[in-house]
Structure formats: structure tokens, C-alpha cells
2 protein chains.
Amino acid sequence: MDDKSEERGGGLEPLNSTDRRVRADAQRNSKALLEAAMAVFAASGVDAPVREIADKAGVGVGTLYRHFPQRSDLIVAVFRNEVDACANAASAIAAEYQPGPALARWMQRYVDFIAAKRGLAAAFSSGDPAYESLPLYFLEKLRPALQTLLDAATEAGDVRSDVDAKELLFAIARLCSPDHYGGGPDQARRMVGLLVDGLRYCAPSVGSDV
Amino acid sequence: MDDKSEERGGGLEPLNSTDRRVRADAQRNSKALLEAAMAVFAASGVDAPVREIADKAGVGVGTLYRHFPQRSDLIVAVFRNEVDACANAASAIAAEYQPGPALARWMQRYVDFIAAKRGLAAAFSSGDPAYESLPLYFLEKLRPALQTLLDAATEAGDVRSDVDAKELLFAIARLCSPDHYGGGPDQARRMVGLLVDGLRYCAPSVGSDV
DNA sequence: TGATAAACGGAACAATGTTCCGTATAAAAC
DNA sequence: GTTTTATACGGAACATTGTTCCGTTTATCA
């Protein structure tokens, strides 16, 4: 490995190809843009003007485009960021609650995530190749997270063992999907609650074990 | 009733509030715009530029906006037009085929309609109030059409009797929905075929009647 | 402290939805 | 057939975006 010079800071700043550290303001602005975009998308949907995001982040549009060359790059970044947050929430919740309640809490967390992503569903199926990688990322991050919770709950005897994490993720996403021609987010919440109860139904601690 | 003057033509030109006939060129252009929009939407999706539609119809954008004040008005008009066509196809098919085959044929016709409306599904759930009326129109037109075919097929003993037209419409629409994360239109077609077979399953003429 | 490459900001450009208004014309009145 | 008039037409002009460009600023390094 080729070492060039000792590092000053905490050592977590990535290096550029010509050995120059990434500038601090660039890191700051990138983070600010991501947070601003998250807030604006949540408030006005993914079709919100780019200038609004740049303004909210306190930078010019040029800076925005330097960090996210296409509008879709920003959308993808926000999405991945929120997928990560949702996945990370799993271990945090697992550390704080018993397996059964942890599973139920995380499922509601996941519902919130899905419900907030209304606009993205359209982007997914828009055919734009920029979003092609998202479904895979979604699955690769969230499936293990749910599987872990599921395994723990199964082992604790809180839920049945014959459910597949992937199917559960999709089933919930479908329950939350808006084209039910009526019935808002409350209905989705109720249906998911029902689903969770269903998970408990044949669990050993309830009775009727196989 | 207040009669004003005898009519010249076939008598099917609508009258204006001040008793003036709707100009022939206006009727022509309106129709041309609708057809152009249908073709352009099919080719390039509902996000196609309005100028492209106006050009294809051979009129100026001003004329387009005279007939369809908002972009969404044009989309709505095209959608209703195609819903009508799909609903009308039911009676045409019913006149030409036996009840059982007629049902199967119309279902595939309906699949084509749904598959072509990918872009509109996004518009439906976009929250834009301009599209609020579409689901109702969809249901009010298509449900009776399917119900008629279904009743005829039931009476002929070709299909079972315990299926609801509305549920069937939605089930097919869902089977055709793109967010299956893989599996194209062929899969949708196969699934709908399976559904139709399912309809036949407990029909009297097959056997096991209730 | 000075040199330098990276990053910044926002004006300028391009594409598109929408409005406006002078002109053309179909229908009616005579 | 001519005149009148309300209607419709066309497309330039405007507004709102996404995106690019480049002169200026600045963090980093020697």
C-alpha cells in the first residue's frame, strides 16, 4: 500500500485520486443537500423544484449539480439513505424490545417508510434506468433486517415459523399501495396490524403448535 | 320546450347557450386532437409535450388549450374515451361469440387496455384532483360491461356464479400492475389466463356443481 | 504565506406548460 | 350574395422548470 502523508483529523475523510483530501465544505454541502432534499421531498413530493432544495441547503444550484449530476441521483441518494435508516432501525429496536414487540414496532416503522414513498413508486415503474438499482438495494438491505427480527421472534416462540421475509415485505408494500380506489393510510395500518396478528396466530406460545 | 329554428344537418350538432351552432371546424379539431393525443400518449407516454400533440393534430397550441384548458383535461378525455371503447367492445364481442369465449376474449381486451395505461396509474395516485373522477368512471363503465358478459356465461353454464365483477376487474388490474419487481406483460397475461380458467372450474357444465 | 486544484454560485440556456391577442372564418341575418 | 358577428384559430410571448458553464472563492498543501 502506498502511504503519502499522515492524516490530521479523525482519519475518516476519504482521499481523492490525486491524494488530496475531500474538502470539508464539500462534505458539509453534500450532507446539507441530502437533508434538504429529504425534507423537501417529504413536504412536496419528488417533483419539487431543484432550486428549492438548493435554497433550503443554502447552496447554489451549481453546487447541487456538482454533487448530484442528475436530478435522479438526488432522488436515488435520498431513497438509499432512508432504506438504510429503516434497516438500521431494526437493530436499534431489537436492542430495546423483546423479540415479539420488536418485530411489531419495526413493521410499523416500515409502514411509515413505505407510506412516505408514494412518489417513488411511480419513479420505480417509470422505466427510467436511473432507478433500476433501487428494488435490488431495497431488498438486499431490508430483507436481512426483517429476517433477523423474524428469527428472533420465532425462536422466542412469539410468531410462527412459516413466513418468508421477502414475501412479507412485498405484502406490506402492496397493502400500503394507494391504488385501492379508496381507503387511506389508516386502512393500510389496520391491514398490516392484521398481518402481524396473523403472524402470531400459530406461534408455539399461543397454543396449537405444529 | 323552447324551439328556435329548424336544423339544417342531421340534427346532432349540439347548440350553444346563445343558440349558435358549434362550428364545424371546432368539432373537427377537437376530434383530431383527441386522436392525436391517443396516438402520442401510446407512443411516448402521458408526459409527451403538448406541442407534439398539437402538431400531430395539425393545429396550434392555442387551439389545443381552447378545447382542453389543462393538460390533465386531455389526459382525462383520452382515458374516458378508451374506457368507453373497452366497454363498448363487450357488446360487440358478445354479439359475435358464445358466452364463454366472449368472456375470455373480452378479458384479454381488458388486459390490453390496462397494460397500455401504465403511465396513467401514476397519475391516478398522484393526488392531483383532476384525476379524482377517473376511478369512478372506470368502475361505472366497465363493471356493467363485465357483469353482462359474466351473467351470460353463468347462464350458459360456462362459468361459476360466485364471482364479483368489481373484484375481478381489480384483480386483473393488480395482476397487470408493474411493481412485481420482475416479470413482464407475458406473466400478467398468463396469470389472467389462469384466472379465467379458475372461473370455469366450478361451472355446471364441467361437473361438480353446488 | 503563496500556489493550486477543488468547489462554489448564479447567470444563462433549453425544454416545456400556459396565456394572450390579433387575425381568420363559419354561421347567421339581411 | 353581402354584411355582421360571435367563435375559433395560430403562434408568439411568458413562466417554470431541469441543466450547463464559467468566473470567482476557498480549503488544502508545501
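The sequence lines fix the lettering, A, B, ..., with proteins before strands; numbering per chain opens at 1. Atom set for the values below is all heavy atoms of this structure, side chains included, hydrogens, waters and symmetry mates excluded. All figures in this text were calculated on a predicted structure; none of them were measured in a lab.
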inquiry  = Could you tell me if the side chain of B:F68 sits less than 4.5 Å from the side chain of B:V50, heavy atoms only?
reply    = no
key: Nearest-angstrom distance from the residue atom CG of B:L74 to P of C:dG17   = 11 Å
request  = Write down the distance between CG (A:L64) and C1' (D:dT19), rounded to a whole number of angstrom.
outcome  = 11 Å
task = Identify, with sequence neighbours excluded, every residue that meets side-chain contact (heavy atoms from CB on, under 4.5 Å) alongside B:R51.
result = B:V61
ask   = Looking only at side-chain N and O atoms, does A:Y65 come under 4.0 Å of OP1 or OP2 in D:dT19?
value = yes
query = Nearest-Å distance, CG (A:D55) to P (C:dG9)?
reply = 11 Å
query = Rounded to the nearest 0.5 Å, how far does CD of B:E82 lie from CD1 of B:I114?
reply = 11.0 Å
ask   = Can you list every pair that meets ring-ring contact (aromatic ring centres under 6.0 Å, His included) and has a residue in residues 81-107 of chain B, with sequence neighbours left out?
value = B:W106-B:Y110
request  = Taking only heavy atoms on the protein side, list every residue of residues 28-39 of chain B lying under 4.0 Å from any atom of DNA chain C, sorted numerically.
outcome  = none
task = Only counting residues at least two apart or in another chain, list the ones meeting side-chain contact (heavy atoms from CB on, under 4.5 Å) with B:V59.
result = B:N29, B:L33, B:A54, B:A57, B:T63
ask   = A:R21 side chain: which of D:dA8, D:dA27, D:dC29 is closest?
value = D:dC29
key: Protein-nucleotide distance (B:D47, atom CG; C:dG17, atom P), rounded to Å   = 8 Å
inquiry  = Strictly under 4.0 angstrom, non-hydrogen atoms only: write out the protein contact profile of nucleotides 11-16 of chain D, one letter per nucleotide from the 5' end, B, S or -.
reply    = BBB---
ask   = For the pair made of CZ in A:R71 and P in D:dT19, what is the distance, rounded to whole Å?
value = 7 Å
request  = Please figure out whether A:A26 or B:R66 has its closest DNA chain C nucleotide nearer the 5' end.
outcome  = A:A26
key: Spacing of A:F68 atom CZ relative to D:dG18 atom C1', expressed in whole Å   = 16 Å
ask   = Has A:Q70 got a side-chain N or O lying under 4.0 Å from the OP1 or OP2 atom of D:dT19?
value = yes
remark   = Separation of D:dT19 atom C1' from A:D73 atom CG, nearest Å, is 13 Å
ask   = Looking only at side-chain N and O atoms, does A:H67 come under 4.0 Å of OP1 or OP2 in C:dC8?
value = yes
ask   = Just checking A:R23: base, sugar-phosphate only, or nothing, at a heavy-atom cut-off of under 4.0 Å?
value = base
ask   = CG of B:D25 versus C1' of D:dA6: gap in Å, rounded?
value = 12 Å
request  = For B:S30 and B:Q27, indicate whether the former's side chain and the latter's backbone hold a donor-acceptor pair under 3.5 Å.
outcome  = no
ask   = Is the number of heavy atoms from other residues, nucleotides or ligands under 6.0 Å of B:R105 CZ greater than 12?
value = no
Donor-acceptor contacts, no H, no angles, side chain residues 136-153 of chain B, under 3.5 Å, sequence neighbours left out:
{"residue": "B:Y137", "atom": "OH", "partner": "B:D84", "partner atom": "OD1", "Å": "2.5"}
{"residue": "B:Y137", "atom": "OH", "partner": "B:D84", "partner atom": "OD2", "Å": "3.1"}
{"residue": "B:Q147", "atom": "NE2", "partner": "B:D151", "partner atom": "OD1", "Å": "3.1"}
{"residue": "B:T148", "atom": "OG1", "partner": "B:P144", "partner atom": "O", "Å": "2.9"}

message = If you count heavy atoms of other groups shown closer than 6.0 angstrom to CD of B:E155, is the number above 12?
response = no
